[in-house]
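Only one structure is covered here, and it is reproduced in the block below.
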Amino acid sequence: MPTTPHHERHFMASDAVRDVVIGMSDGLTVPFALAAGLSAALSRSSVVVTAGLAEIAAGAIAMGLGGYLAARTDIEHYRSEYRREWRETEELPDEERKEVAAILREHGLSPAEAEPIVAALTRNKEKWVRFMMRFELGLEEPDPKRAPVSAATIGASYIAGGLVPLLPYMLVGRIDDAFRLSVGVTLLALLLFGAVKGWLTGQPAWRAGLQTGLVGGLAAAAAFVIARLVSGG
């Protein structure tokens, strides 16, 4: 009988989504909080736009640099642990073989079943070390190109998110009207952003949207209240 081909669909871009989430969520909330605070003390939207754009530029650079350094740290940590594991397989091969056998037993294999697998696996030093990295230390080899990509993704996402709350101030002359419009647009953007994130990661879109909107809204509201208190509004 003919069989239907089995196609597995797994989401494989978790690192990219994480970078977008980091940049976009901060980009939506921080510039909004700044704009809201300035709205309490100023009467001109142009000043809010100027300050907001300056903050977006500085924030995108800082966030991107942070993402770059974090990715580089992951790479350096992996390489350091890889060198250590390689050295241990050379200096303590019997102990490392015991560790491989113990890992296989943890996955349900009996000692008799694990023995030929240990022998086959430890004949290849490269595969042996990578097995230990993955199953003993829980480390996956980072993409060496990830650092600049992560920096660019976080920075671009921050800029995209930051322009959302500022757009009403660019289009509306009255600062009170611009502020109210900014609140609505930002909350809507948070809901949509959360829904898309949930869809990409396999979560219910409505739940992820509500969670992101609630968390982002609370963060922005807290920042707004503090800014209003400091400005004496």
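In this text, all values refer to a predicted model and were calculated from it rather than measured experimentally.
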Closest non-hydrogen atom pair, I154 against G67
CD1-CA, 3.7 Å

What is the distance from atom CD of E99 to atom OG1 of T89, rounded to the nearest 0.5 Å?
10.5 Å

Scanning both residues in full, the closest heavy-atom pair of P142 with D74 reads CG-O, 3.7 Å

Separation between CD1 (I75) and CG (D143), nearest 0.5 Å, reads 7.5 Å

Can you tell me how far CE of M24 sits from CD1 of I159, rounded to the nearest 0.5 angstrom?
11.0 Å

Given the rule in the side chain to side chain contact (heavy atoms under 4.5 Å, CB included) test, do R105 and L109 qualify, once you have shown the distances and angles that lead to the verdict?
CA-CA 5 Å; R105 288 196 299 272; L109 276 70; 5.6 Å; no

E85 vs E136, test: side chain to side chain contact (heavy atoms under 4.5 Å, CB included). Steps then yes/no.
CA-CA 10 Å; E85 281 295 328; E136 181 189 22; 2.9 Å; yes

Looking at V185, L190, L192, which one forms a side chain to side chain contact (heavy atoms under 4.5 Å, CB included) with L188?
L192

In plain terms, say whether E76 and R79 are close enough for a salt bridge, that is, a side-chain N and a carboxylate O under 4.0 Å apart.
no

Are D177 and R174 close enough for a salt bridge, meaning some N to O gap below 4.0 Å?
yes

With heavy-atom distances below 4.5 Å as the criterion, would you say the side chains of Y68 and P148 are in contact?
yes

So that I can tick it off, tell me whether E81 and R84 are bridged by a salt bridge, with the cut-off set at under 4.0 angstrom between side-chain N and carboxylate O.
yes

Is it the case that one hydrophobic cluster holds both F32 and V164, taking links as side-chain heavy atoms less than 4.5 Å apart, direct or via other members?
yes

Would you say E141 and Y82 make side-chain contact, with heavy atoms under 4.5 Å?
no

Closest non-hydrogen atom pair, S157 against V20:
OG-CA, 3.5 Å

If two hydrophobic side chains count as joined below 4.5 Å and joins carry through other members, does I56 share a cluster with F179?
yes

Closer than 3.5 angstrom, by distance alone: can the side chain of S182 be matched with the main-chain N or O of A178 as a donor-acceptor pair?
no

I'd like to know whether K98 forms a salt bridge (charged side-chain N to carboxylate O under 4.0 Å, His left out) with E95, so could you lay out the CA-CA distance, the side-chain angles of the two residues, the decisive distance to 0.1 Å, and finally the verdict.
CA-CA 5 Å; K98 291 178 182 178; E95 293 298 321; 3.8 Å; yes

Interatomic spacing from CD in E91 to CD in E96 - rounded to 0.5 Å
10.0 Å

Note, F193 side chain near V21 side chain (heavy atom, < 4.5 Å):
yes

Shortest non-hydrogen contact from V49 toward L166:
O-CD1, 4.3 Å

With the side chain counted from C-beta on, respond yes when P31 and Y158 share a heavy-atom pair under 4.5 Å apart, and no when they do not.
yes

Side chain to side chain contact (heavy atoms under 4.5 Å, CB included) between L163 and M170: does it pass, once the steps are laid out?
CA-CA 10 Å; L163 290 175; M170 298 177 183; 4.2 Å; yes

Could you tell me which non-hydrogen atom of D19 sits nearest to which non-hydrogen atom of S150, and how far apart they are?
OD2-OG, 3.1 Å

When you measure from the side chain of T122 to the backbone of V118, do you find a donor-acceptor pair of N or O atoms at a distance under 3.5 Å?
yes

Between E113 and S110, do the side chains contain a donor N or O and an acceptor N or O under 3.5 Å apart?
yes

I175 and L167: same hydrophobic cluster, using ILVMFWY side-chain contacts below 4.5 Å?
yes

What is the distance from atom CD of E140 to atom CZ of R130, rounded to the nearest 0.5 Å?
10.0 Å

Are any of the side-chain heavy atoms of W86 and R83 separated by less than 4.5 Å?
no

Cluster question for you: counting only ILVMFWY and a side-chain heavy-atom cut-off of under 4.5 Å, with indirect links fine, are L171 and L28 together?
yes

Let me see the working for V47 and Y169 under side chain to side chain contact (heavy atoms under 4.5 Å, CB included), right down to the final yes or no.
CA-CA 9 Å; V47 180; Y169 294 92; over 6 Å; no

Heavy atoms from other residues, nucleotides or ligands near NZ of K127 exceed 12 (cutoff 6.0 Å)
no

Heavy atoms, side chains only, cut-off 4.5 Å: are L139 and R134 in contact?
no

Under a 3.5 Å distance rule, please check whether T186 uses its side chain to pair with a backbone N or O of V183 as donor and acceptor.
no

Look at the side-chain heavy atoms of Ile, Leu, Val, Met, Phe, Trp and Tyr, link any pair under 4.5 Å apart, and say whether I103 and V129 land in one connected group.
no

Would you say that P144 contacts Y78 through its side chain, given a criterion of any heavy-atom pair below 4.5 Å between the two side chains?
no

Drop me the distance from H107's NE2 to F135's CZ, to the nearest 0.5 angstrom.
5.5 Å

With a 4.5 Å heavy-atom cut-off, do M132 and L121 have their side chains touching?
no

